[in-house]
Amino acid sequence: MRIYSFPHAGGSATVYYKWKNYLSPNLELRPVELQGRGSLLGEFCFTNMDDMVADLYERIRRELHEGPFVLFGHSMGSLIAWELANYIKEKEGISPYHLFLSGMTPPHLRTRQEIPMHCLDRHAFKEKVASLGGMPIEMINDDSLFELFEPIIRADFQICDSYSFREPIEKMNCGITVFGGLDDEISSEELEEWRLYGDYFQLHMYQGGHFFIEQHCREVLNIINQTCNYLFYS
């Protein structure tokens, strides 16, 4: 079973490389690089969800009928995983065996900010990025380094800022497991709303803020392993 993983805003596929040490032997890790970063650094960054999802689909579509697969995403990566799952269902008539979504409100609860984050001036933008965590403090404090990655981060937040939920809620023909941080701005009550999107649902909350997953990687992967092993052998 393959697990395709999608990073948070400003992140790259490398954030998942350490997972190889903890994943079940039944799971083949496939971290998906978003255009414009990591191994695809230098290519333009997408600024809307539809274009990004269409690109990701084209890059993995030949593998989709080779066996069961699941999708994982953290923060922006969760929205990508959900939208890609819908796109695959539309194009191929198949669904992932499971969705693992972390640190993101369900689409129907997302609200537009009065000043979109990607439109903030540099000082305010840098402060907001720093408050979310997930980025090395050295990068935040080094103006020249931050300037190098700023266009990538802004493009990703533009995707989130411009994302528009299309009603009604289309339930996916698979289960959904959601992870959240107890100190994150996203409440457990909001995360519970993901149950409307799948056949069955489980929620796991951990100590920490938006990037709780960095401190609780092993616990999260234990849940993924247990869930996928059950799907694999059932």
Side-chain angles (χ1 to χ4, degrees), residues 1-9 11-13 15-16 19 23 26-40 43-110 152 155-178 193-201 224 227-228 230-232 234:
M1 182 181 291
R2 299 181 306 283
I3 177 168
Y4 295 100
S5 54
F6 306 94
H8 57 83
S12 77
V15 301
Y16 296 115
W19 280 24
L23 276 178
N26 295 324
L27 279 171
E28 180 184 352
L29 182 63
R30 296 288 186 90
V32 182
E33 193 67 89
L34 305 183
Q35 189 164 291
R37 79 270 344 255
S39 60
L40 301 178
E43 299 186 23
F44 72 89
C45 296
F46 291 108
T47 55
N48 72 80
M49 183 65 77
D50 290 343
D51 289 344
M52 175 176 282
V53 166
D55 174 71
L56 293 173
Y57 165 74
E58 288 298 327
R59 288 201 267 136
I60 68 172
R61 67 183 178 87
R62 292 178 180 83
E63 307 170 359
L64 294 175
H65 291 278
E66 293 178 359
F69 64 92
V70 299
L71 306 181
F72 174 92
H74 178 70
S75 196
M76 179 185 76
S78 291
L79 282 183
I80 293 172
W82 169 252
E83 288 296 327
L84 181 60
N86 280 278
Y87 197 83
I88 291 171
K89 184 179 179 181
E90 176 186 336
K91 294 290 187 180
E92 303 288 338
I94 59 175
S95 299
Y97 268 51
H98 203 81
L99 284 171
F100 297 97
L101 308 174
S102 173
M104 177 55 71
T105 53
H108 71 283
L109 293 184
R110 291 188 58 76
I152 297 172
D156 285 353
F157 277 108
Q158 186 171 348
I159 289 174
C160 296
D161 290 336
S162 62
Y163 178 83
S164 180
F165 171 63
R166 293 182 288 273
E167 296 187 82
I169 295 173
E170 296 287 345
K171 182 175 285 193
M172 189 61 58
N173 185 30
C174 70
I176 295 178
T177 296
V178 174
E193 294 283 302
W194 275 111
R195 70 171 58 252
L196 302 174
Y197 290 74
D199 277 351
Y200 60 93
F201 172 84
I224 291 174
T227 303
C228 290
Y230 173 79
L231 294 170
F232 189 82
S234 63

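These values consider heavy atoms only, across backbone and side chains, with no hydrogens, waters or symmetry-generated copies.
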query = Atom CD1 of Ile60 and atom CD of Glu66: how far apart are they, to the nearest 0.5 Å?
reply = 11.0 Å
message = Is any side-chain heavy atom of Cys228 closer than 4.5 Å to one of Val70?
response = yes
ask   = Using 4.0 Å as the upper bound for N to carboxylate O, is an ion pair formed by Glu170 and Lys89?
value = no
ask   = What are the two closest heavy atoms between His8 and Asp156, and how far apart are they?
value = O-OD2, 4.3 Å
key: Interatomic distance, Leu84 atom CG to Leu56 atom CG [nearest 0.5 angstrom]   = 6.0 Å
ask   = Should the pair Lys91-Glu58 be classified as a salt bridge under the 4.0 Å nitrogen-to-oxygen rule?
value = no
task = Decide yes or no for Pro107 and Tyr197: does some side-chain heavy atom of the first lie under 4.5 Å from some side-chain heavy atom of the second?
result = yes
query = Any side-chain heavy atom of Leu29 within less than 4.5 Å of one from Ser5?
reply = yes
query = Looking only at heavy atoms, which two atoms of Arg37 and Gly11 are closest? And how far apart?
reply = NH1-O, 3.3 Å
ask   = How are the rings of Tyr4 and Phe69 set relative to one another: parallel (under 30°), tilted (30 to 60°) or perpendicular (over 60°)?
value = perpendicular
inquiry  = What I'd like to find out is whether the side chain of Met172 reaches to under 4.5 Å of the side chain of Asn86, using heavy atoms alone.
reply    = yes
ask   = Between His98 and Phe100, what is the ring plane arrangement, given parallel below 30°, perpendicular above 60°, and tilted in between?
value = tilted
note = When rounded to the nearest 0.5 Å, the distance separating CG of Leu34 from OG of Ser12 is 8.5 Å
Side-chain donor/acceptor of Trp82 to backbone N/O of Pro106, under 3.5 Å = no
inquiry  = Side chains of Tyr57 and Glu90 only: does a donor on one sit below 3.5 Å from an acceptor on the other?
reply    = no
task = Go through Arg110 and Thr105 one step at a time and tell me if the side-chain contact (heavy atoms from CB on, under 4.5 Å) criterion holds.
result = CA-CA 6 Å; Arg110 291 188 58 76; Thr105 53; 3.4 Å; yes
request  = Indicate the atoms forming the closest heavy-atom contact of Ser102 with Ser78, along with that distance.
outcome  = N-OG, 2.8 Å
remark   = The reported gap from CZ in Phe72 to OH in Tyr16 (rounded to nearest 0.5 angstrom) is 4.5 Å
task = First locate atom CG of Asn48, then atom CG of Asp161, and finally report the distance between them rounded to the nearest 0.5 Å.
result = 12.5 Å
query = If you take all heavy atoms of Lys171 and Leu196, which pair is closest and at what distance?
reply = CE-O, 3.6 Å
query = Which heavy atom of Tyr97 sits nearest a heavy atom of Leu231, and at what distance?
reply = O-CD1, 3.8 Å
key: Nearest heavy atoms of Ala13 and Pro31, plus distance in Å   = O-CB, 3.6 Å
task = Only counting residues at least two apart or in another chain, list the ones meeting salt bridge (Lys or Arg N to Asp or Glu O under 4.0 Å) with Glu33.
result = none
key: Euclidean distance, Gln35 CD relative to Phe46 CZ, rounded to 0.5 Å   = 4.0 Å
